[in-house]
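First the structure, in the form of structure tokens, and then the observations on it.
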Protein chains: 2
Amino acid sequence: MGRRSMPGCDTTDLGRCESCAVRRFGLCNALTRDELRQIRQIANRRVYKPGDQILIGEEETPFFAAIYSGAVKLSKILFDGRQQVVGLLLAPDCLGRVFGKPSPYFAEATTDVELCCFPHTAFQKMLDDYPELKQRLLEQTIDELDSARDWMVLLGRKSAEERVASLLLMLAMRLRHTRYDARGTDCPVVLDLYLKRHEIGDYLGLTYETVCRQIRNLCEKNLISQSGRRQFTVPSLSALAQAAG
Amino acid sequence: MGRRSMPGCDTTDLGRCESCAVRRFGLCNALTRDELRQIRQIANRRVYKPGDQILIGEEETPFFAAIYSGAVKLSKILFDGRQQVVGLLLAPDCLGRVFGKPSPYFAEATTDVELCCFPHTAFQKMLDDYPELKQRLLEQTIDELDSARDWMVLLGRKSAEERVASLLLMLAMRLRHTRYDARGTDCPVVLDLYLKRHEIGDYLGLTYETVCRQIRNLCEKNLISQSGRRQFTVPSLSALAQAAG
DNA sequence: CGAGACATTGAGTAGGTTCAAAGACCGTGG
DNA sequence: CCACGGTCTTTGAACCTACTCAATGTCTCG
């Protein structure tokens with residue numbers, strides 16, 4: 001597994017909060033201007049390249065972080081190497097444990113990633129001081145739980161084709177949501193899949209060969225088209241949703 | 001699906017908090033005596049029989065509840081009837097949505113169940129007034145998220161035999177934990193599976209026939225023995241853990 | 001241009017499903 | 001108390017989806 005470069009780590013420079021997805025849709029949305037100014041003080045920025053390990057299963061978590069940009073793959077690995085991706089974290093999501101406990105997951109950057117990291121004790125203090133923040137964290141955790149359970153349905157009960165369709169649909173929906181492209185509900189969506197075929201397989205509980213074949217299937221049915229190896233166009237979300245179960 | 005009897009509903013009578021699992025290990029553990037006295041006031045008790053629907057997908061949740069006794073099956077159903085159980089809730093667990101949003105799950109009693117129910121607004125006020133309580137709720141939600149992700153590994157990557165072994169292991173561990181049977185780590189455990197074969201299948205992403213066959217397998221390997229149709233004895237947890245992956 | 005990683009495609013196989021039938025258990029009522 | 005009906009469970013045989021193994025193709029980056 002790629003550990004190509006050491007994760008960079010530099011401090012400050014966060015006048016960027018204004019345009020940040022975490023501020024607009026995520027955790028920091030629960031903060032007033034003053035509180036935001038305060039959380040900036042304890043935050044520091046880290047950047048990663050595709051393939052970098054951000055967290056290593058069972059090791060002490062060094063921080064709690066919000067994702068500023070990029071995509072992070074969260075996974076668990078069985079003793080014999082079988083792997084299951086348990087989450088794909090994008091822009092306004094959070095990463096790591098709140099209370100400093102070791103996180104039982106591996107987290108790997110699948111694109112260039114920028115994190116906004118908070119040291120545990122300082123962040124815990126923020127949580128205690130600002131109930132809105134803790135409330136927001138609770139809500140986000142509940143949403144994550146819902147997604148995890150949706151994925152359980154996918155893994156337990158859906159066919160290979162439905163799984164691939166579901167993944168593309170999920171990403172398309174997310175994209176539409178954070179971009180606020182609320183044009184007519186059913187216009188074409190172009191989306192980038194930041195994952196290799198192998199990783200898609202580990203996310204969907206399939207082998208990569210099966211993923212290939214099912215992508216071809218969906219193309220032949222005109223439910224999607226490939227504009228690049230990892231870029232797809234979805235002509236109709238509702239048609240895709242049909243195929244996703 | 002069984003809707004055999006109307007759920008009963010009576011009020012008060014909660015001097016039972018002292019011996020309650022929710023008090024000892026769950027939410028109420030975060031409260032002082034005084035605060036407990038207060039939460040009692042807003043609580044009311046509901047009882048259900050096996051097969052009763054407690055929550056119906058997408059309907060407004062009538063309450064937030066802690067489980068006093070019994071087992072509740074949480075599931076999602078696909079348009080064509082395929083079902084996936086996404087959680088099995090036992091004694092100190094909680095049920096329903098905190099903020100009154102509709103819960104996207106079906107909840108069904110699989111044994112006799114007693115719930116301790118809190119109306120939304122009153123409970124939300126408790127949460128706002130007692131940060132410890134909210135903290136506890138957050139921690140429990142994180143634990144649930146971890147379990148859900150463990151289940152994703154099971155559904156995505158484990159064989160039928162490993163799945164059945166994992167389920168029994170999980171229940172045995174839970175049982176040992178709440179009963180505080182900390183005798184030598186590896187003594188025999190007797191456990192009741194409150195689920196029919198069909199429900200086990202829906203939990204493990206298998207058909208009930210496969211569940212049957214795998215139970216037989218495990219018996220033949222002496223990893224478990226059946227003492228009743230739904231009661232099993234696990235001679236060695238560590239041996240079972242081996243088989244569970 | 002070549003090497004390596006990633007993706008695609010094909011053929012054969014296996015684990016789990018489906019379909020079918022028989023057996024065990026439980027509560028009910030004669 | 002036993003017989004009956006329904007539900008749940010067990011077992012068998014055929015089938016199918018997704019996996020495995022293997023070869024070929026394509027992209028990227030030095």
Side-chain angles (χ1 to χ4, degrees), chain A residues 1-5 49-51 73 80-84 108 110-111 154-167 192-220 224-232 245, chain B residues 1-5 49-51 73 78 80-84 108 110-111 154-165 192-220 224-232 243 245:
Chain A
M1 288 154 216
R3 204 166 300 169
R4 293 175 216 164
S5 60
K49 293 235 148 297
K73 185 185 82 174
D80 60 355
R82 281 174 289 177
Q83 184 168 166
Q84 176 65 43
E108 183 184 322
T110 64
T111 61
L154 178 147
L155 294 170
R157 288 298 177 218
K158 289 190 181 177
S159 70
E161 182 179 318
E162 288 172 323
R163 292 183 201 199
V164 175
S166 296
L167 175 63
D192 291 292
L193 238 178
Y194 320 100
L195 304 173
K196 317 182 215 283
R197 296 287 183 270
H198 187 82
E199 296 173 309
I200 300 174
D202 285 343
Y203 199 6
L204 298 177
L206 301 169
T207 59
Y208 59 90
E209 296 97 326
T210 303
V211 172
C212 273
R213 288 186 250 265
Q214 296 307 330
I215 287 175
R216 184 158 54 91
N217 267 8
L218 292 175
C219 284
E220 283 167 5
I224 58 172
S225 58
Q226 274 187 283
S227 21
R229 242 168 181 196
R230 297 189 196 167
Q231 192 180 70
F232 300 88
Chain B
M1 286 147 225
R3 205 168 297 172
R4 295 174 213 162
S5 59
K49 294 234 148 295
K73 186 185 79 175
L78 256 38
D80 59 355
R82 283 175 289 177
Q83 184 168 164
Q84 177 65 44
E108 184 184 321
T110 64
T111 62
L154 178 147
L155 293 170
R157 287 300 178 213
K158 289 190 182 179
S159 70
E161 183 179 317
E162 288 173 321
R163 292 184 201 198
V164 175
D192 292 292
L193 237 177
Y194 319 100
L195 304 172
K196 317 181 215 282
R197 297 288 182 269
H198 187 80
E199 295 173 310
I200 299 175
D202 285 343
Y203 199 5
L204 299 177
L206 301 169
T207 59
Y208 58 90
E209 296 97 326
T210 303
V211 172
C212 272
R213 289 186 250 265
Q214 297 307 331
I215 287 175
R216 184 158 54 89
N217 268 9
L218 293 174
C219 284
E220 283 167 4
I224 58 171
S225 59
Q226 274 186 282
S227 20
R229 236 156 185 208
R230 297 190 196 166
Q231 193 180 69
F232 300 87

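In what follows, chains are A, B, ... by sequence order, proteins preceding strands, each numbered from 1.
Counting only residues at least two apart or on different chains, the salt bridge (charged side-chain N to carboxylate O under 4.0 Å, His left out) pairs with a member in residues 202-212 of chain B are A/R157-B/D202.
In this entry the distance linking CD of B/E220 with C1' of D/dT10 reads 13 Å, nearest Å. What separates CZ of B/R82 from P of C/dG16 is a distance of 19 Å, to the nearest Å. Computed from coordinates, the A/L195 CG to C/dC6 P distance equals 13 Å when rounded to whole Å. The NE2-P distance, from B/H198 to D/dT7, rounds to 13 Å in whole Å. Protein atom CZ of B/R230 is 10 Å distant from nucleotide atom P of D/dT10, rounded to whole Å.
For A/S166, the side chain to side chain contact (heavy atoms under 4.5 Å, CB included) partners two or more places apart in sequence, or in a different chain, are A/L154, A/K158, A/A244. Qualifying side-chain hydrogen bond (donor to acceptor under 3.5 Å, both in side chains) partners for A/E161, counting only residues two or more places apart in sequence or in other chains: A/K221. With sequence neighbours left out, the side chain to side chain contact (heavy atoms under 4.5 Å, CB included) criterion links A/R229 to no other residue. Not counting sequence neighbours, B/S225 has no partner by the side-chain hydrogen bond (donor to acceptor under 3.5 Å, both in side chains) test. Here A/T110 pairs with nothing under the side-chain hydrogen bond (donor to acceptor under 3.5 Å, both in side chains) rule; sequence neighbours left out. Among residues two or more places apart in sequence or in another chain, the ring pair (Phe, Tyr, Trp, His ring centres under 6.0 Å) test is passed with B/Y194 by none. A/Q226 is linked by a side chain to side chain contact (heavy atoms under 4.5 Å, CB included) to A/R197, A/I215, A/C219, A/F232, counting only residues two or more places apart in sequence or in another chain.
For B/E199 and B/R230, the salt-bridge test fails: no basic side-chain N is under 4.0 Å from an acidic carboxylate O.
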Check the interface with nucleotides 22-30 of chain D: list each N/O to N/O pair with the protein under 3.5 Å, or write none.
none

Give me, pair by pair, the N or O atoms of the protein and of nucleotides 26-29 of chain C that are less than 3.5 Å apart, along with how far apart they are.
none

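Defining each end axis of the helix from C/dC1-D/dG30 to C/dG30-D/dC1 as the rotation carrying four pairs' C1' atoms onto the next four, with five pairs an end, the two axes are found to diverge by 30° to 10 degrees.
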Point to revise | Contact letters for nucleotides 14-19 of chain D, in which S counts primed atoms plus P, OP1 and OP2 and B counts the base, heavy atoms under 4.0 Å | key: ----SS
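Of the candidates D/dT11, D/dT9, C/dT8, D/dT11 carries the atom nearest the B/R216 side chain, counting heavy atoms from C-beta on.
Within the 4.0 angstrom heavy-atom criterion, no nucleotide atom of any strand lies near B/E199.
For the pair B/A165 and B/L218, the tightest heavy-atom approach, listed with the atom from each and the gap, is N-CD1, 3.9 Å.
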